[in-house]
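Sequential numbering from 1 along the given sequence is applied to the chain's residues.
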Amino acid sequence: MKFTESPKYKDNLILKLTFEFAVEIINYSETLNKNQKYVISKQILQSGTSIGANVKESQNAESNRDFIHKLKIALKEADELEYWLFICNEIKSYENTDYLIEKLTTIRKILNKIISSSKMLK
């Protein structure tokens, strides 16, 4: 069974989006590796997959404060990834990342909304 179709997660939009996004990041990173762009590939891979890992970890948070903290870490990773993707777009020998930036923007908006909503529950 695919992760995004499992009963536990299929109705959790942010989990689904960040998982699918991580797969796209891995694919982009592998393309960079094929072109011997190892340093930037590693940075993109680490920050890009960390977003979903932190969102997943937040699902088992010990408290609302812990939940918010884990989502803030995911948001920091998203900001870092955005930086690397912008760099890729500035280098002619790298594949364009606009489609990843667009998806990342959506994820960041959702994370910000969840964080602000969760702060109101305190």
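- A heavy-atom distance below 4.5 Å is not found between the side chains of Leu71 and Leu75.
- Listed by chain and number, the residues in a side chain to side chain donor-acceptor pair (under 3.5 Å) with Ser93 are Lys37 (sequence neighbours excluded).
- Both Tyr94 and Leu81 are part of a single hydrophobic cluster, where members link through side-chain heavy atoms under 4.5 Å apart.
- Applying the salt bridge (Lys or Arg N to Asp or Glu O under 4.0 Å) criterion to Lys103, with sequence neighbours excluded, gives Glu24.
- Residues satisfying the side-chain contact (heavy atoms from CB on, under 4.5 Å) criterion with Glu82, sequence neighbours excluded, are Phe86, Leu104, Arg108.
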Show every donor-acceptor pair shorter than 3.5 Å between a side-chain atom in residues 38-46 and any protein atom, with sequence neighbours excluded, or say none if there are none.
residue: Ser41; atom: OG; partner: Ser29; partner atom: O; Å: 3.0
residue: Ser41; atom: OG; partner: Ser29; partner atom: OG; Å: 2.8
residue: Ser41; atom: OG; partner: Asn33; partner atom: OD1; Å: 3.1

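- The nearest pair of heavy atoms linking Ala74 to Ile51 is CB-O, 3.6 Å.
- From Cys88, atom SG reaches atom CD1 of Ile101 across 8.5 Å, with rounding to the nearest 0.5 Å.
- Residues passing the side chain to side chain donor-acceptor pair (under 3.5 Å) test with Ser50 are Asn54, sequence neighbours excluded.
- A distance of 10.0 Å separates CG in Leu85 from CG in Asn96, rounded to the nearest 0.5 Å.
- Here Asn89 pairs with Thr97, Asp98 under the side chain to side chain donor-acceptor pair (under 3.5 Å) rule; sequence neighbours left out.
- Residue Phe21 holds its CZ atom at 11.0 Å from OH of Tyr28, rounded to the nearest 0.5 Å.
- Distance CD1/Ile68 to CG/Leu111: 12.5 Å, rounded to 0.5 Å.
- Heavy-atom minimum distance, Leu15 versus Lys56: CD2-CA, 3.6 Å.
- Residues Val55 and Leu13 share a hydrophobic cluster, clusters being chains of Ile/Leu/Val/Met/Phe/Trp/Tyr side chains in contact below 4.5 Å.
- Qualifying side-chain contact (heavy atoms from CB on, under 4.5 Å) partners for Ala61, counting only residues two or more places apart in sequence or in other chains: Asp66, Phe67.
- By the salt bridge (Lys or Arg N to Asp or Glu O under 4.0 Å) test, Glu95 is found to be paired with no residue, residues two or more places apart in sequence or in another chain being considered.
- Rounded to the nearest 0.5 Å, atoms CD (Gln36) and NZ (Lys34) are 13.0 Å apart.
- Side-chain atoms of Asn64 come within 3.5 Å of backbone N or O of Ser118 as a donor-acceptor pair.
- Between Asn12 and Gln59, the shortest heavy-atom distance links the atoms ND2-OE1, 3.0 Å.
- Pairing each heavy atom of Leu17 with each of Ile110, the nearest pair is CD1-CD1, 3.4 Å.
- Here Leu100 contributes atom CG and Thr105 contributes atom OG1; the two are 10.5 Å apart, rounded to the nearest 0.5 Å.
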